[in-house]
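Comments concern the structure below.
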Amino acid sequence: MEEKTTTPSHFIRTIIREDKKNGKNDGRVHTRFPPEPNGYLHIGHAKSICLNFGMAEEFDGKCNLRFDDTNPEKEEVEYVESIKEDVRWLGFDWEDREYYASDYFEQLYEFAIELIKKGKAYVDHLTPDQIRKYRGTLTEPGKNSPYRDRTVEENLELFEKMRNGDFGEGECVLRAKIDMASPNINMRDPALYRIKKAHHHRTGDKWVIYPMYDFAHALSDAIEHITHSLCTLEFEDHRPLYDWCVENVSAPSRPVQIEFARLNLSYTVLSKRKLLQLVREKYVDGWDDPRMPTISGFRRRGYTPESVRDFSERIGVAKKDSIVDLSLLEFCLREDLNKRAERRMAVLRPLKVVIENYPEGQTEELDAVNNPEDDSMGMRKVPFSREIYIERTDFMEDPPKKFFRLYPGNEVRLRYAYFITCTDVVKDENGEIIELRCTYDPASRGGNSPDGRKVRGTIHWVSVPHAVDAEVRLYDNLFKKPDPDDVDEGRTFLDNINPNSLEVVNTKAEPAIGEVQAGDNFQFERMGYFVADKKEHTSGKPVFNRSVTLRDTWAKISKK
RNA sequence: UGGGGCGUAGCCAAGCGGUAAGGCAGCGGCCUUUGGAGCCGCGACGCGCAGGUUCGAAUCCUGCCGCCCCAGCCA
């Protein structure tokens, strides 16, 4: 059905395909995306979302959205709302399967009781500090807690007291009784429940004990009959514990955990802790600042869901730690927008040009195509007059070799308009160029000369009397180094923040720009892709964010 | 140095015993009313290293080396 036969294979797809072929789980494929609502989702989560929902879609299965909300101290409804919005924006639908680990608290509590009754869990009154010491080290085994052999009755009673709030935070925990000498530290009697007298965003003050990740996550998967529980590499050595939880309780199903490498992207950070810090300490303007690698940041930056999904597909899924080039993400956006974004002309840094032989007071409308890649997107009219603005960088008084743009005596084409030749340069008392004088060839209307004369350069322009003012935000990478964490002793990633990640310019745009809607994507010819800012753009005061520049061959040539 | 993982081109990534896919980046060229787009071409003599098995090894075996993760009552 898909014409795309190049879908790259990856190990998870292979496993699921095999399972389905062998009739495992009755051929059912059920995944889940399990975010903790303690921050905004970032591009790394997008990879996971695309994988989980993608596998479900591909194998005719389902994917749940489940909030892993077992730590009330860090979780907020603002985060769950943003997460839902982001998943939806990416184009995925969890239908009626919006779940919360907190929905299962009662059931999980019962599972814990079951463990206690089987003699596989106990209430430990060691202090947090003692527990750490008893745990041993990477090379030395741990020691059993003196409370490890409490009777089932005693544990049952104590656990109920924990639930009833009879103990204070940190006084005791419920622990799995596994093996304090296990070479896998996660198996040295891990905590299953701890006391937290905090308000939970959904269950309010109903509970004072909360299940730990390993216990809650594995059993939530089992409760939802998840078949393939996909998570990242750092949980690899939690898998024995995941299995232990599911096997030692009368779980309704037997899910399997499979781990893959998380995404890292050059020139940015993807750790919730660091992103939170950037927001809290105001290095950026919120979670959706267009420089943030959050999904909401990319959305506001002008990225399309299609481009993000394409990116997720192209990076692949494997178990190798990796840092993907930002250039791949940018490529995906350009490729998408090239075919879909209408073109407009906007002069970012204006330089006035007076066309001396063009009649004063005259105005005409020229035809411009909206997208040379797609004729169905039609044409528009662009007004022309004696005075226009051109890009400052499109003029050089003393140009280097291979500079095809405007310079004294040179002729260039004004896109969709006329050939002009620079005749004079006007400067102010400081020697600053403030205006150019040019002449035009009336016969070259539309951009071609009947005598077949060729020009090497074509530049964009905007008619002075018709120009619309717009604020344009030029974004650059938030960090100076490909790896922001590459720092000297005593320094942090914050020292690698790029001080020039945002430049705001007042630009002159063609009048058609006055009609755009917030969120619309455009290509400003020769400059890049821009989006009308979702929050601040109005028809009265247009505001655009640069999503990504165009590939700039000239920049490479001029650097040599 | 206990356990768990991973090492294929600058960055991703296929490959699973038969003689190194693909993408991004980069570099040439063609074309062009965006120095955009598009099109064509170029990169491993080699798959962390060293041995071994085999007619044949990135793929199997052995030994090294390097990198990542784990000692939260975080997820």
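Because only heavy atoms are used, hydrogens play no part in the values below, and waters and symmetry mates are left out as well, while side chains stay in. Letters A, B, ... mirror the listed sequences (proteins, then strands); counts begin at 1.
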| message | Go through it in stages, so that I can follow the logic: the residues are A:R32 and A:E224, the test is salt bridge (Lys or Arg N to Asp or Glu O under 4.0 Å), and I'd like the CA-CA distance, side-chain angles, deciding distance and then a yes or no. | response | CA-CA 9 Å; A:R32 101 270 90 114; A:E224 294 176 16; over 6 Å; no

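- Under the Watson-Crick or G-U wobble criterion, with both distances below 3.5 Å, B:rU34 is left unpaired in every strand shown.
- Among the atoms of the strands shown, only primed sugar atoms or phosphate atoms (P, OP1, OP2) are found under 4.0 Å from some heavy atom of A:S327.
- Among the protein residues, A:L138 comes within range of the nucleic acid bases, having at least one heavy atom under 4.0 Å from a base atom.
- The A:I557 side chain lies nearest to B:rG35 when the options are B:rA71, B:rG35, B:rG10.
- As judged by a 4.0 angstrom heavy-atom cut-off over every strand, A:Q523 is placed among the base-contacting residues.
- Annotation: cation-pi pair A:R413/A:Y418 absent, no NZ/CZ under 6.0 Å from the ring centroid and within 45° of its normal.
- At the phosphate of B:rG3, neither OP1 nor OP2 sits under 4.0 Å from any side-chain N or O atom of A:T139.
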Please write out each protein N/O paired with an N/O of nucleotides 27-32 of chain B under 3.5 Å, distance rounded to 0.1 Å.
unit_1, atom_1, unit_2, atom_2, d
B:rG28, OP1, A:K560, NZ, 3.1

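- Among the atoms of the strands shown, none is found under 4.0 Å from any heavy atom of A:F524.
- With C1' as the reference atom, B:rG63 and B:rU53 are 15 Å apart, rounded to whole Å.
- Atom CZ of A:R456 has 12 or fewer neighbouring heavy atoms from other residues, nucleotides or ligands inside a 6.0 Å radius.
- With both ends at atom P, the span from B:rC45 to B:rC11 equals 16 Å, rounded to whole Å.
- Counting only N and O atoms by type, the side chains of A:T232 and A:E234 include a donor and acceptor under 3.5 Å apart.
- On the C1' atoms, B:rG36 is 25 Å away from B:rG22, given to the nearest whole Å.
- When both distances must be under 3.5 Å, the Watson-Crick or G-U wobble mate of B:rC73 does not exist.
- Looking at heavy-atom distances under 4.0 Å, A:R175 makes no contact with the nucleic acid at all.
- With both ends at atom P, the span from B:rU1 to B:rA13 equals 30 Å, rounded to whole Å.
- Between the CD1 atom of A:I459 and the P atom of B:rU34 there is a distance of 13 Å, given to the nearest Å.
- Side chains of A:E330 and A:Y529: a donor-acceptor N/O pair is absent below 3.5 angstrom, by distance only.
- A gap of 16 Å separates the C1' atoms of B:rU54 and B:rU62, to the nearest Å.
- Rounded to whole Å, the separation between the C1' atoms of B:rA20 and B:rG56 comes to 15 Å.
- For A:N184 and B:rG4, a side-chain-to-base donor-acceptor distance below 3.5 Å is absent, hydrogens and geometry of angles not being considered.
- Among the protein residues, A:D552 comes within range of no part of the nucleic acid, since none of its heavy atoms lies under 4.0 Å from any strand.
- The nucleotide whose nearest atom lies closest to any side-chain atom of A:L550 is, among B:rU34, B:rC12, B:rC68, B:rU34.
- For the residue pair A:Y122/A:D189, the side-chain donor-acceptor check at 3.5 Å is satisfied.
- Looking only at atom types and distance, the side chain of A:H125 has no donor-acceptor partner in the side chain of A:E171 under 3.5 Å away.
- Across B:rA58 and B:rC74, the matching C1' atoms stand 40 Å from one another, rounded to whole Å.
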Contacts under 3.5 Å, N or O only, protein and nucleotides 73-75 of chain B:
unit_1, atom_1, unit_2, atom_2, d
B:rC73, OP1, A:R135, NH2, 3.3
B:rC73, OP2, A:R135, NH1, 3.1
B:rC73, N3, A:G170, O, 3.4
B:rC73, N4, A:L126, O, 3.1
B:rC73, N4, A:P128, N, 3.2
B:rC73, N4, A:G170, O, 2.8
B:rC74, OP2, A:R194, NE, 2.9
B:rC74, OP2, A:R194, NH2, 2.9
B:rC74, OP2, A:K196, NZ, 3.2
B:rC74, O3', A:R194, NH2, 3.0
B:rC74, O2', A:N71, ND2, 3.0
B:rA75, OP1, A:T70, OG1, 2.7
B:rA75, OP1, A:R194, NH1, 3.4
B:rA75, OP1, A:R194, NH2, 2.8
B:rA75, OP2, A:Y213, N, 3.0
B:rA75, N6, A:H238, NE2, 3.4

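- For the pair A:K320 and B:rA13, the criterion of a side-chain N or O lying under 4.0 Å from OP1 or OP2 is met.
- In A:N22, the CG atom is crowded: over 12 heavy atoms of neighbouring residues, nucleotides or ligands sit closer than 6.0 Å.
- In this structure, A:K481 forms no cation-pi arrangement with A:Y267, as its terminal cationic atom is not both closer than 6.0 Å to the ring centre and no more than 45° off the ring axis.
- A donor and an acceptor atom, one from each side chain of A:N52 and A:S48, are located under 3.5 Å apart.
- Using P as the reference atom, B:rU59 and B:rU19 are 15 Å apart when rounded to the nearest Å.
- Each of A:K319 and A:R405 has a nearest nucleotide on RNA chain B; the 5'-most of these lies closest to A:K319.
- Residue A:E330 contributes atom CD, which lies 19 Å from atom P of B:rG23 at whole-angstrom precision.
- With distances taken from any side-chain atom of A:L328 to the nucleotides B:rG23, B:rU34, B:rG35, the minimum falls on B:rG23.
- Using N1 to N3 plus N6-O4 or O6-N4 for Watson-Crick, or N1-O2 and O6-N3 for G-U wobble, each under 3.5 Å, B:rC39 pairs with B:rG29.
- As judged by a 4.0 angstrom heavy-atom cut-off over every strand, A:E373 is placed among the base-contacting residues.
- Atom NZ of A:K402 sits in a sparse spot, with 12 or fewer heavy atoms from other residues, nucleotides or ligands closer than 6.0 Å.
- Counting non-hydrogen atoms under 4.0 angstrom, A:P482 reaches nothing in the nucleic acid.
- Judged by atom type and distance alone, A:E335 does not reach the base of B:rG23 through any side-chain donor-acceptor pair under 3.5 Å.
- Here A:S449 contributes atom OG and A:E411 contributes atom CD; the two are 7.5 Å apart, rounded to the nearest 0.5 Å.
- The CG-P distance, from A:L263 to B:rC11, rounds to 16 Å in whole Å.
- Taking 90° from 0 as the syn/anti boundary, the base of B:rG72 is oriented syn.
- Cation-pi geometry between A:K143 and A:Y134 is met: the NZ or CZ atom falls under 6.0 Å from the ring centre, inside 45° of the normal.
- Considering only the side chain of A:T458, B:rU34 comes nearest among B:rU34, B:rA37, B:rA14.
- Here the nucleotide nearest the side chain of A:D325, chosen from B:rG10, B:rA37, B:rU34, is B:rG10.
- Between B:rC12 and A:R314, no contact under 4.0 Å exists linking OP1 or OP2 to a side-chain N or O.
- If you check every strand for non-hydrogen atoms under 4.0 Å, A:V412 touches nothing.
- Searching all strands for a Watson-Crick or G-U wobble partner of B:rC49 with both distances below 3.5 Å returns B:rG63.
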